[in-house]
Amino acid sequence: MEHLFSMSAYKFDTDEYGGVSSAIEKIKEAGAGGIELLTGYFDPDPMFSDIAKGVHLPYATDWYSAWTGDGGYVPTDDESIRYRSYGKNKKEIIGTLTDAVCRASSLLPEYGVVHASNVRMNEIMHFCYRDSDASIILALTEMLNSVSAAFPSREPPFKIMLENLWWPGLTMTDDSGFTMLEAGLEFDNWGLCLDVGHLMNRLGNCREETESIEDVLRTVKGYPKEMIERIEVVHLHMSLSADYIDKCVKDPKELKAADSREMMSEAYEHICRVDQHRPFTDASCVKIIDLLKPSYITHEISAPTPSERISGFRKQLSLF
């Protein structure tokens, strides 16, 4: 079991640490056994190859509208298309994801995380959604099968780890999503990434740390053995945002911006209030890890500065 630090390969992030070399040195000094690196549509710095045990592939907020062609919001400029919907149609989406996998594979990671969810832009501030979890997972399996088919033996070059969110798709509140993935995926090199904070958001009642850990434990104890064996990565952080979620449910807001970039900027504040990425302080969170026994624990801590992120990583790591 290895403890990983979460960071991105984007220059704006590495520059905050004083460059790639400085970032790697600081992360190692903090006690991390490696990193899970957020990649993009560019070749990552090869310096990361010795420390990137895993990668997190770029995520598109609403790829489902473009995949199904049902008239949802699709950006018009090429840069936004990749980050908002992967492309304008199935062919473009498959090409975009294949490119992301190929570029990330240069680091020879053990795994790559994919967000197994979707949210329509006009619902991003809401907690009531038009699309079902099942419809998103069904489309996701079709999409990933098409991407994997582009590689030798129809298998991706690293293990694809499917991550839960609170939006429609894989939520991991039970085993229903796992059952659909197991039935639908046509390649073998896949597993699950349980994001603890995202599960807290989906449960929707997490206000106090110790009680919320118990809620997560009750949920995880309900997973069948086959599902637990697929969970090889855990994103460890907490979100105690139930009060804010309650307000959003009672009085849902709408995005005011019309431009894709402005939309996401507006939505980002909301997403951060839901998905807090705070370090655990109660050592009983380790019971979640003891039950799942993942190969990797990625400490996904959010903070304004690198020093604060590293401090949060150290605090959570100390619980072990």
Side-chain angles (χ1 to χ4, degrees), residues 3-8 32 35-36 38 54 56-57 59 61 113-119 124-125 127 133 161-174 177 192-221 223 231-249 267-292 294 296-304 308-320:
H3 293 267
L4 307 183
F5 186 89
S6 174
M7 69 172 296
S8 90
I35 62 173
E36 182 180 294
L38 175 64
H56 196 310
L57 297 174
Y59 178 62
T61 315
V113 175
V114 173
H115 280 177
S117 71
N118 187 86
V119 64
I124 203 166
M125 309 283 282
F127 288 86
D133 295 336
M161 294 293 178
L162 299 167
E163 179 183 353
N164 61 299
L165 269 91
W166 64 96
W167 291 325
L170 181 66
T171 65
M172 295 180 75
T173 53
D174 55 33
L192 297 175
C193 168
L194 172 64
D195 188 296
V196 175
H198 293 171
L199 179 57
M200 288 178 158
N201 299 335
R202 180 67 179 206
L203 292 173
N205 58 354
C206 295
R207 294 177 173 81
E208 190 276 328
E209 183 174 1
T210 302
E211 291 180 2
S212 297
I213 291 170
E214 290 301 317
D215 286 343
V216 171
L217 279 169
R218 277 192 292 272
T219 302
V220 172
K221 286 176 181 177
Y223 297 164
I231 300 173
E232 299 180 49
V233 179
V234 170
H235 285 175
L236 192 62
H237 61 94
M238 70 173 177
S239 290
L240 304 178
S241 55
D243 288 340
Y244 176 71
I245 291 172
D246 284 348
K247 289 180 182 179
C248 293
V249 170
Y268 185 70
E269 181 182 352
H270 162 78
I271 292 169
C272 289
R273 292 184 71 177
V274 174
D275 197 23
Q276 298 170 338
H277 283 261
R278 294 163 56 185
F280 280 100
T281 61
D282 186 332
S284 64
C285 72
V286 177
K287 294 178 182 178
I288 301 168
I289 303 302
D290 290 341
L291 197 155
L292 297 173
Y296 297 99
I297 306 166
T298 300
H299 299 256
E300 277 198 335
I301 309 303
S302 180
E308 290 173 284
R309 292 194 285 274
I310 289 173
S311 175
F313 172 84
R314 289 180 184 273
K315 288 177 182 177
Q316 189 165 265
L317 182 64
S318 71
L319 302 178
F320 291 83

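All values below come from the heavy atoms of this structure, side chains included, with hydrogens, waters and symmetry mates left out. For reference, positions follow the sequence shown, starting with 1.
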E36 vs V233 side-chain heavy atoms within contact, under 4.5 Å: yes

Pair T171-T173, side-chain donor/acceptor within less than 3.5 Å: yes

In Å and rounded to the nearest 0.5 Å, what is the CE to CD distance from M172 to E163? 9.5 Å

Does R218 form a side chain to side chain contact (heavy atoms under 4.5 Å, CB included) with E214? I'd like the steps, not just the answer. CA-CA 6 Å; R218 277 192 292 272; E214 290 301 317; 4.0 Å; yes

Nearest-0.5 Å distance, CG of residue D290 to SG of residue C285: 9.5 Å

Counting only heavy atoms not in F320 (residues, nucleotides, ligands), do more than 12 fall under 6.0 Å from its CZ? yes

Just so I know, are the side chains of L194 and V220 near enough to count as touching, which here means a heavy-atom distance under 4.5 Å? yes

Any non-hydrogen side-chain atom of V196 less than 4.5 Å from a side-chain atom of V234? yes

Report the relative orientation of the aromatic rings in Y244 and H270; use parallel for angles under 30°, tilted for 30 to 60°, perpendicular for over 60°. tilted

Side-chain touch H235/V113, heavy atoms, less than 4.5 angstrom: yes

Taking the side chain as C-beta and beyond, is there a heavy-atom pair between P168 and N118 under 4.5 Å? no

Considering all heavy atoms, the nearest G197-S239 contact: O-CB, 4.1 Å

Could you check whether any side-chain N or O of Q316 sits under 3.5 Å from a backbone N or O of H299, counting only pairs where one atom can act as donor and the other as acceptor? no

Look only at the side chain of H237 and the backbone of I301, and say whether a donor-acceptor pair between them is shorter than 3.5 Å. no

Over all atoms of both residues, closest heavy-atom pair of L162 and A116: CB-CB, 4.1 Å

Where do D246 and R207 land on the side chain to side chain contact (heavy atoms under 4.5 Å, CB included) test, with the steps shown first? CA-CA 11 Å; D246 284 348; R207 294 177 173 81; 2.3 Å; yes

Can you confirm whether S241 sits close enough to N201 that some side-chain heavy atom of one is under 4.5 Å from a side-chain heavy atom of the other? yes

Looking at CE of M238 and CD of E209, how far apart are the two atoms once the value is rounded to the nearest 0.5 Å? 4.0 Å

Closest non-hydrogen atoms of I213 and F280, given as atom of the first, atom of the second and distance, are CG1-CE2, 3.7 Å

Heavy-atom donor-acceptor pair, Y223 side chain to L292 backbone, under 3.5 Å: no

Let's go through W166 and D275 carefully: what are the C-alpha distance in whole Å and the side-chain angles of both, what is the deciding distance for side chain to side chain contact (heavy atoms under 4.5 Å, CB included) to 0.1 Å, and is it a yes or a no? CA-CA 9 Å; W166 64 96; D275 197 23; 3.6 Å; yes

What's the spacing between D195 CG and M200 CE if we round to 0.5 Å? 10.0 Å

Identify the two heavy atoms, one from G169 and one from D133, that lie closest to each other, and give their separation to 0.1 Å. N-OD1, 3.1 Å

Between the side chain of N164 and the main-chain N/O of L170, is any donor-acceptor distance below 3.5 Å? no

Kindly compute the distance separating CD1 (I271) from OG1 (T61), expressed to the nearest 0.5 Å. 7.0 Å

Quick one: does I310's side chain get under 4.5 Å of R314's, heavy atoms only? yes

Smallest heavy-atom separation, M125 atom then C248 atom, equals O-CB, 4.3 Å

Working for side chain to side chain contact (heavy atoms under 4.5 Å, CB included), residues L291 and K287: CA-CA 6 Å; L291 197 155; K287 294 178 182 178; over 6 Å; no

For the NE2 atom of H115 and the CG atom of L165, what is their distance to the nearest 0.5 Å? 5.0 Å

How far apart are the closest heavy atoms of G312 and P279, and which atoms are they? O-CB, 3.6 Å

